[in-house]
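In the text below, chain A, chain B and the rest are named by the order of the sequence lines, each starting its count at 1. Predicted, not measured: the structure shown is a model, and the values here were computed from it.
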Amino acid sequence: MSSLLQYLAVVVLFLCPVGILLVDNWRWMIGLLGLQYIGVLSLVSVSWPLEIAVVKLVAGWMAAAILILTYVNLPTAAAEPQISINLPRRFFKGFTAFLIGLSVYSLQAVALRWFLGATTQQALGGLLLLGLGLLQLGLSREVIRIVIGLLTVISGFEVLYATLEASVLMTGLLAILNIGIAFVGAYLLLASYLEDTS
Amino acid sequence: MNTPTLWIILPLLLSGIFLFLLNRQRILKWTGTIISLTLAGLAAVLPINQLFNFLFWELRVSEEMLIYGRRFVLSDPDRPIVILVFVLCAFWFLILDPKNDPIQVIPLGLAGTVLILTAYAVEPIFYGALFFAFLALIDVVLLSPPGNKPTRGVMRFLIFQILGILFILFAAWLASWIDLNTGDQLLFVRSLVILALGFSFLLAIFPFTSWIPMVTEMNHPFLAGYVLSTYLVGVFLFGLRFVTEAGWFDQNISIQGALQIAGIIMLCYGGGLAIVSKHLGRMMAAVVISDIGRSLLAISLFLSGFPLFFSLVIIQSIAIGVWSLSLSHLRKVVRSLSFDDVIGAARQWPIISLGILAGYFTLAGLPLLAGFPIFWVLGSSLRMYPSWMVLWFVFGSIGLIIGGLRTLAVLTKNSGEEAVLILGSSFYRAVIVTITAVLILLGLFPQVLFSLTQIITNLLLEL
């Protein structure tokens with residue numbers, strides 16, 4: 001894949017998590033998560049054959065689909081919470097994300113010494129996802145944001161790990177982990193509306 | 001037929017079937033208990049890699065299974081671990097009261113036990129970390145029964161476990177480079193630090209401890225006790241396998257200091273928490289945190305500490321079991337488990353309170369209870385190390401005892417209600433009394449426990 005396309009993937013991998021961080025609407029959040037997995041696929045395919053790398057995209061989109069279906073089935077009031085535009089909060093989140101982006105960019109040379117075999121774009125993309133995912137986890141209490149934060153962190157790890165390990169079992173297990181986290185997220189979102197039939 | 005099919009695939013299928021039987025609570029409880037005991041019994045008697053006759057057939061059970069080129073091995077030396085995890089599973093199923101506790105513990109608990117064994121059996125061992133991710137997902141579902149919102153502690157538990165697993169996978173990959181670059185100390189130190197960070201997340205080692213008090217305070221006490229007990233035992237077993245397979249005990253690699261410092265910090269943190277807590281759930285957190293510290297200290301003693309570690313595992317599971325069972329009964333009749341709401345509980349519900357106090361004081365190390373001889377031997381073994389370590393060990397233990405005395409004072413305080421009330425069915429009251437008696441007997445005759453755990457160690461390490 002050309003270097004330019006890889007840089008484009010890095011831009012996607014920066015903008016999508018930042019977008020998820022800033023928006024409040026679940027449709028946008030999950031949509032951006034789905035888009036994020038296209039960037040993940042692009043960077044993983046640098047190290048792996050496309051037919052194996054596409055597993056990441058399929059697993060990620062399945063996770064996104066599970067979350068969408070869950071929201072569709074949630075009671076309306078829970079799915080559409082009152083959104084108050086809070087500019088200072090958004091500015092703070094955006095500025096922190098910008099700082100993370102800046103730190104990752106300045107640390108790329110160190111990162112390349114740790115992730116032997118990774119391209120600059122892979123190191124940048126992977127670390128951006130890890131950093132922004134951790135930011136999401138650190139700033140959120142809502143189940144959906146925590147689930148998306150975890151999926152983002154794992155995506156970052158997968159981009160970096162793809163440069164190190166290409167085992168079929170590991171790929172499969174990481175795909176199941178992504179889908180499993182989405183299922184657990186779906187359960188947690190629905191749990192308080194469920195009745196204990198047992 | 002092979003051992004992973006018998007002890008991993010089969011129980012996993014059964015746990016799936018159990019999910020359809022959630023309405024048949026009593027049947028599920030007893031079936032789960034009997035199946036777990038049967039699997040433990042098979043681990044004790046089944047010949048592995050040998051021909052034997054079963055009814056009309058001649059059978060041979062091999063020790064490994066291949067999936068996508070990776071081996072899952074449960075061989076002869078692993079028998080004690082298989083027996084241990086299934087017996088602990090059966091114990092929790094036995095003390096589960098379907099009227100008080102969510103019955104989902106049976107299917108999900110059996111699946112969780114299987115995942116612990118899978119993590120233990122897979123080669124290369126670092127793949128096991130991923131199975132702990134699945135176990136964490138199951139435990140999160142378990143801790144959030146239908147009708148309840150997930151608590152902050154549960155969400156933090158999930159986050160920390162996933163992060164820990166990613167660190168372990170990365171450290172394992174870095175460690176694999178050490179073989180190729182022999183003598184690269186920087187690479188070695190990097191992988192060790194990342195691995196330590198990964199296990200710190202998994203074992204809730206300070207400063208990643210916060211989820212334990214949150215879970216024990218906000219979640220159902222039986223579920224919290226079950227998850228904390230089984231999950232941490234699983235991680236410890238996985239960690240032991242991890243370091244023994246890497247040969248860190250044989251080579252001249254010093255992880256002892258780090259283990260001891262982490263152990264002392266955890267013990268003191270638990271002791272401090274016990275002194276200041278005003279909630280029975282948080283008291284459970286205090287003893288669990290201290291127990292993580294003690295387990296780390298026992299493992300740091302290597303070969304001589306392994307029997308102590310297994311003794312801790314057994315006693316901890318029994319004590320947390322009776323504590324959780326008693327708390328889940330008490331929870332039904334009090335507003336909350338904070339000290340203000342349980343004043344005088346021992347006067348009204350003496351047997352339930354007996355279970356709470358026996359469980360707590362065993363883990364605190366009160367003399368004549370089962371924990372005391374283990375902690376005594378552990379403390380004595382630390383004499384050979386710097387004296388500050390022993391001092392902090394004593395401080396942590398005193399903190400736990402003070403916490404226990406505060407609990408005793410609260411439970412026995414005169415609240416004006418003098419009538420003795422019956423709480424729970426006679427079976428569960430009998431269970432509490434029996435477990436308390438066992439804890440006292442094991443305190444009086446610790447050699448029984450020590451000889452058993454020495455056998456486990458010998459089998460496991462093929463000594």
Side-chain angles (χ1 to χ4, degrees), chain A residues 78 110 113-117 126 130 133-134 136-138 140-147 149-158 160-165 167-198, chain B residues 19 21-25 28 66-70 72 98 102-104 106-107 122 124 126-131 133-134 136-141 143-152 154-156 158-163 165-167 169-170 172-174 176-177 180-181 186-187 190 194:
Chain A
V110 181
R113 285 205 295 275
W114 281 68
F115 300 98
L116 313 157
L130 279 174
L134 284 175
Q136 177 84 269
L137 292 174
S140 316
R141 281 190 188 177
E142 306 106 279
V143 171
I144 182 67
R145 287 193 177 275
I146 289 176
V147 168
L150 283 173
L151 290 173
T152 306
V153 170
I154 293 173
S155 298
F157 177 78
E158 283 180 313
L160 296 170
Y161 206 61
T163 65
L164 321 171
E165 167 104 21
S167 145
V168 179
L169 182 61
M170 183 61 86
T171 310
L173 289 175
L174 282 170
I176 295 172
L177 181 61
N178 274 301
I179 297 168
I181 288 176
F183 267 122
V184 169
Y187 172 76
L188 294 178
L189 284 166
L190 288 168
S192 53
Y193 305 102
L194 298 175
E195 277 181 42
D196 192 352
T197 51
S198 64
Chain B
L19 282 173
L21 298 172
L22 290 176
N23 288 327
R24 313 238 176 239
Q25 299 181 346
L28 198 55
L66 277 174
I67 296 179
Y68 287 115
R70 305 291 161 187
F72 292 79
I103 196 69
Q104 289 89 334
I106 306 283
V122 67
F126 69 85
Y127 276 73
L130 273 171
F131 293 101
F134 301 136
L137 294 181
I138 285 183
D139 284 346
V140 164
V141 173
L143 284 168
S144 313
N148 296 301
K149 273 193 168 178
T151 62
R152 281 175 58 204
V154 171
M155 297 315 292
R156 198 170 289 187
L158 177 64
I159 294 170
F160 282 7
Q161 299 313 306
I162 299 291
L163 292 181
I165 283 143
L166 300 184
F167 275 114
L169 287 177
F170 182 54
W173 173 82
L174 269 186
S176 69
W177 274 84
L180 301 174
N181 303 288
L186 184 64
L187 204 58
R190 273 182 192 172
I194 295 173

(message) Whether the side chain of A:Tyr187 engages the backbone of B:Ser144 through a donor-acceptor N/O pair (distance < 3.5 Å, no angle test) should be reported.
(response) yes
(request) Please flag which part of B:Phe170 lies under 4.5 Å from any non-hydrogen atom of chain A: side chain, backbone, both or neither. (result) both
(request) Find out whether B:Arg152 and A:Arg141 are in side-chain contact, i.e. whether some heavy atom of one side chain is under 4.5 Å from a heavy atom of the other. (result) yes
(message) Could you measure the distance from the CG atom of A:Leu174 to the CG atom of B:Leu169? Nearest 0.5 Å is fine.
(response) 7.0 Å
(request) Have a look at B:Ile162 and tell me which of A:Val153, A:Leu151, A:Leu137, A:Leu177 forms a side chain to side chain contact (heavy atoms under 4.5 Å, CB included) with it. (result) A:Leu177
(message) For the CG atom of B:Asn148 and the CG atom of A:Leu188, what is their distance to the nearest 0.5 Å?
(response) 11.5 Å
(message) Report which part of B:Leu130 has an atom under 4.5 Å of a heavy atom belonging to chain A: side chain, backbone, both, or neither.
(response) side chain
(message) Can you tell me which portion of A:Leu189 sits under 4.5 Å from chain B's heavy atoms? Options are side chain, backbone, both or neither.
(response) neither
(request) Might you point out which heavy atoms bring A:Val143 and B:Pro150 nearest each other, and give the distance in Å? (result) CG2-CG, 3.8 Å
(request) Go through the atoms of A:Ile181 and report whether side chain, backbone, both or neither lie under 4.5 Å from a heavy atom of chain B. (result) both
(message) Is B:Leu166 close to chain A through its backbone or its side chain, or both, or neither, when contacts mean heavy atoms under 4.5 Å?
(response) both
(message) Among residues at least two apart in sequence or on other chains, which ones pass side chain to side chain donor-acceptor pair (under 3.5 Å) with A:Thr171?
(response) none
(message) With a 4.5 angstrom heavy-atom cut-off, is it the side chain or the backbone of B:Ile194 that approaches chain A, or both, or neither?
(response) side chain
(request) Let me know if B:Phe126 has heavy atoms under 4.5 Å from chain A in its side chain, its backbone, both or neither. (result) side chain
(message) For A:Ile146, which atoms come within 4.5 Å of any heavy atom of chain B: side chain, backbone, both, or neither?
(response) side chain
(message) Quick check for you: to the nearest 0.5 Å, what is the distance between B:Tyr127 atom OH and A:Leu173 atom CG?
(response) 8.0 Å
(request) Please say whether more than 12 non-hydrogen atoms of neighbouring residues, nucleotides or ligands are located less than 6.0 Å from CZ in B:Phe134. (result) yes
